[in-house]
Number of protein chains: 2
Amino acid sequence: MSDDQAKRTESDEVTLGRIETEVALLMRLGEATRRATGSAEHRVLDRAAYVILRHLDATGPQNVSALAARLNLDGSTVTRQVSALQRDGLIARAPDPADGRGTVISPTPAGLHRMAAVQAARTRLYGDILADWSPTDRDTLATLLGRLNQALDSRTRRR
Amino acid sequence: MSDDQAKRTESDEVTLGRIETEVALLMRLGEATRRATGSAEHRVLDRAAYVILRHLDATGPQNVSALAARLNLDGSTVTRQVSALQRDGLIARAPDPADGRGTVISPTPAGLHRMAAVQAARTRLYGDILADWSPTDRDTLATLLGRLNQALDSRTRRR
DNA sequence: GCATATAGCTGTATCGTACAGGTAATTCTG
DNA sequence: CAGAATTACCTGTACGATACAGCTATATGC
């Protein structure tokens, strides 16, 4: 191995370490931010509820199993989340016409509205936080995060 | 407002939405990944323990309050985590010589070793996941994540 | 048409976390 | 410098998110 290759390998290792660090930090900060933002708009829509509503909005009504598979959650977890959402009138259950065992979950208008409000609040938050970033940097961040997620997701599903 | 400005504003809004989406996704995937990777090396060191050990390693021995403040956690949470870590021999408590109320927490060699192992495993994971990324893209991701975290952090602390 | 699989639910357990309240030590203040 | 306020930590308690195991009802394959 040439010195050059050695150096490149080493710096790659360092970069991977930085990514590991930053992702860990982001998860921690994201949690803290979510909790802190909770006062006003999040108290009304906790984490899982938001994810489920987003997913329903993005990919249409579907049954519990499909949600669970897509969100990498246990079916029982989704069942409970969905029950809570139904209690709050944010989603509706309907018997699956094509499968007597299943129930199809769809967001109610109220659910979509609530979801959109949280989404807007978060988007505003990012706008605030990234106020001094160039559009290019923002765009690059969004793109690279997207690629990272795709890579992580396909890796998660592969095994 | 000119059409041009309108367009730029709109696309910025879209970008912020993408960032919001991707961060939410990353948090979810990160959790799932952590849980999935758990089988081997994480069972032995759960999330909070890892963060605490990393922080101790990075910034030296310190008391519970300092850890709590830095990690945005309640003191009681840190107390319990530290107790668990102590039970497992990964950190050591010593009375703070400068303050009779406090206890200084330091990582034990075993703790550092455990932490390094998890860190290495995760870094390897990222190396695996990002195998087909260019060094430039990896570096850019690390940098932008760092900037995002810094922005999030200072925002979190400001209020 | 019976055996097996699947969809969803419920019981139970665990983990991470917060908040409230307690005790001991420290620091401030008149 | 003595009492008041603060701080550091711990403990009790509660909650939310999650998983796994086991149940029932329906579907599906041989």
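Remember, predicted model here, so these are calculated numbers, not experimental data.
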Can you tell me the distance, in whole Å, between the [atom1] atom of [X] and the [atom2] atom of [N]?
X: A:Ile91; N: C:dG8; atom1: CD1; atom2: P; answer: 12 Å
X: A:Asp74; N: C:dA13; atom1: CG; atom2: C1'; answer: 13 Å
X: A:Leu71; N: D:dA17; atom1: CG; atom2: P; answer: 14 Å
X: A:Gln62; N: C:dA7; atom1: CD; atom2: P; answer: 13 Å
X: B:Arg87; N: D:dC10; atom1: CZ; atom2: C1'; answer: 16 Å
X: A:Leu85; N: C:dC9; atom1: CG; atom2: P; answer: 13 Å
X: B:Tyr50; N: C:dG16; atom1: OH; atom2: P; answer: 15 Å
X: A:Leu67; N: D:dT18; atom1: CG; atom2: C1'; answer: 16 Å

Would you say [X] places a side-chain N or O within less than 4.0 Å of OP1 or OP2 belonging to [N]?
X: A:Thr79; N: C:dC9; result: yes
X: A:Gln81; N: D:dT18; result: yes
X: B:Arg80; N: C:dC19; result: no
X: B:Arg93; N: D:dA8; result: no

Is the shortest side-chain N to carboxylate O distance from A:Asp137 to B:Arg147 below 4.0 Å?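 Salt bridge present between A:Asp137 and B:Arg147.
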
The side chain of [X] is closest to which nucleotide in this list: [options]?
X: B:Leu73; options: C:dA18, D:dA19, C:dC9; answer: C:dA18
X: B:Ser65; options: D:dT18, D:dA8, C:dC9; answer: D:dA8
X: A:Val64; options: D:dA19, C:dG8, C:dT26; answer: C:dG8

Just how far is it from atom CD of A:Gln150 to atom CD of B:Glu22, taken to the nearest 0.5 Å?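 Separation between the atoms: 9.0 Å.
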
For the side chain of B:Asn149 and the backbone of B:Leu145, is there at least one donor-acceptor N/O pair under 3.5 Å apart?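 A pair under 3.5 Å: yes.
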
State whether the distance check finds a donor on one side and an acceptor on the other, under 3.5 Å, for side chain B:Arg101 versus base D:dT7.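 When only heavy-atom distances are counted, B:Arg101 does reach the base of D:dT7 through a donor-acceptor pair under 3.5 Å.
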
Cation over ring face, A:Arg122 and A:Tyr50, 6.0 Å, 45°: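 Satisfied, under 6.0 Å and within 45°.
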
Taking any heavy-atom pair under 4.0 Å as a contact, classify A:Gly75: base, sugar-phosphate, or nothing.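 Contact class for A:Gly75: none.
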
Students often get this wrong, so: under 4.0 angstrom with heavy atoms, is B:Asp96 touching a base, only sugar-phosphate, or nothing?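 Answer is nothing: B:Asp96 stays at 4.0 Å or more from every strand.
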
Comparing A:Asp99 and A:Thr77 on DNA chain D - which has the more 5′ nearest nucleotide: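 Looking at the nearest nucleotide for each, A:Thr77 comes out on the 5' side.
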
With distance as the sole criterion, is a donor-acceptor pair present between the side chains of B:Ser106 and B:Arg93 under 3.5 Å?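 No, no side-chain donor-acceptor pair sits under 3.5 Å.
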
Need to verify one output field. Residue with the more 5' nearest nucleotide on DNA chain C, A:Val104 or B:Ser76?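 Mapping each residue to its closest nucleotide by heavy atoms, the 5'-most match is A:Val104.
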
